[in-house]
Amino acid sequence: MWVTGLGWATALGCGLEEVWSALLQGRTGVDAVPSEHRLRNGDAAVVRDLPLSMTPVERQHLLTRDTLAAAVRDAGLELTDARLRPVLGTSYGPHLDTVGVPALDRWAADAVRALGIAKAPLSVTTACSSGSDSLLVGAELIRSGAEDLCVCGGADVLTAAKRLGHSVLGTMSPTSLRAFDVDNDGTILGEGAAFLVLESGRSARTRGARAHGFLVGTGSANDAVSPAAPDATGDSVVRAVSKALRGAARGAADVNVVNAHGSGTPANDAVESVSYTRLFGTGGQAPGAPTVFATKGAFGHTLGATGAIEAITVLLALRDRAVPPVHGLTTLRPDFPLPVPKSRPAAFTGRLGLSVTLGFGGFNTCLAFEGTP
């Protein structure tokens, strides 16, 4: 499965190299964002040039439309290509703050129609794994022969109801997002979008396309334990990663880099620590141990977009053989089994990377990418 196009919009910008450079420098897009509600934390990460004065529906539409178009352009394709199948994910999109929504996939249909794409979109909603699961669905469509060309990913806007909801749930940090830190106390919300063009090898070679990398394995599992809390055993995460590695015909020892979910909540960070220990052992300083990084300290938790955004970071890391430092991380929790860069980028060798997402409702997904030679 070739990845021939990339596009994203984040709190650090919209250009691929612009944002990647900012990540490597350890910068963050989290800042104070006004709210009419009393929240646990007034910080969030918003996309520049997407005015908060617009309605959530308008913001979701623009974010989806422009980012999807950027990914298709990056692939050297036309939006009018009759083969192009959109697979679009979100958690709640604008729906929590909108009265009288006619259909929960309306945001996707409207964006695709505005771009003149011929095929109707498939809409995926699996909480924080929506962006990852959109890629998984697109990959299955291509693998089965049903499609040759898919543009897949997620978009989610910051809204008042989401900020209030996470504040009331207690998942929002009262201080700052510090993934895998001994003092982690919650997440900080953000917004963004990312789309990737997936293409069959036959199609990509025929038109002489450039590859950003290859999606070589996918895996998903659901722990069905709680509407919000993850299964502390890590069984579901281990299963999702193991499925992705089997699909790639690889083992845990072949993994060179992992983009972790890294939400900063104590429960999620703990289950990732357990899961990676079970998958990779405790030899974090041993030669060949995969390097782990996480980007939510820079982007905020972008909910349904996060899996697609993080998939792009894995591809860029594989390209440059380097990962950015984890913003906000000062002291790594002692039970975390693998190396994590804290204050500066870290180099690694190899071509196999994983992107792992953990969603509310137990939706856990892993995507395995291989870098270009």
Given the rule in the salt bridge (Lys or Arg N to Asp or Glu O under 4.0 Å) test, do Arg202 and Asp148 qualify, once you have shown the distances and angles that lead to the verdict? CA-CA 8 Å; Arg202 179 184 64 252; Asp148 254 344; 2.7 Å; yes
Are Arg178 and Asp185 close enough, and set up right, to give a salt bridge (Lys or Arg N to Asp or Glu O under 4.0 Å), and what steps lead you there? CA-CA 8 Å; Arg178 299 185 293 274; Asp185 57 9; 3.5 Å; yes
Applying ring pair (Phe, Tyr, Trp, His ring centres under 6.0 Å), can you list everything that pairs with Phe180, at least two apart in sequence or on another chain? Phe336
Quick check on Glu78: does its CD atom have over 12 non-hydrogen neighbours (other residues, nucleotides or ligands) under 6.0 Å away? no
For Arg163 versus Gly42, what's the shortest heavy-atom pair and its separation? NH2-O, 3.0 Å
Is Glu17 paired with Arg319 through a side-chain N to carboxylate O contact shorter than 4.0 Å? yes
Among Val57, Leu50, Val157, find the residue that satisfies the side-chain contact (heavy atoms from CB on, under 4.5 Å) test when tested with Leu62. Leu50
Once salt bridge (Lys or Arg N to Asp or Glu O under 4.0 Å) is applied, what residue pairs with a partner in residues 357-373 remain, sequence neighbours excluded? Arg250-Glu370, Arg351-Glu370
Go through it in stages, so that I can follow the logic: the residues are Asp97 and Lys162, the test is salt bridge (Lys or Arg N to Asp or Glu O under 4.0 Å), and I'd like the CA-CA distance, side-chain angles, deciding distance and then a yes or no. CA-CA 8 Å; Asp97 301 69; Lys162 291 174 189 173; over 6 Å; no
Step through the shown structure and confirm whether more than 12 heavy atoms of other residues, nucleotides or ligands are within 6.0 Å of CZ on Arg210. yes
OH of Tyr92: more than 12 outside heavy atoms within 6.0 angstrom? no
Do Leu136 and Phe195 share a hydrophobic cluster, counting only Ile, Leu, Val, Met, Phe, Trp and Tyr and linking them when any side-chain heavy atoms are less than 4.5 Å apart? no
Tell me whether Asp235 is salt-bridged to Arg278, with the criterion being a basic N under 4.0 Å from an acidic carboxylate O. yes
Charged N to carboxylate O under 4.0 angstrom, Asp110 versus Arg65? no
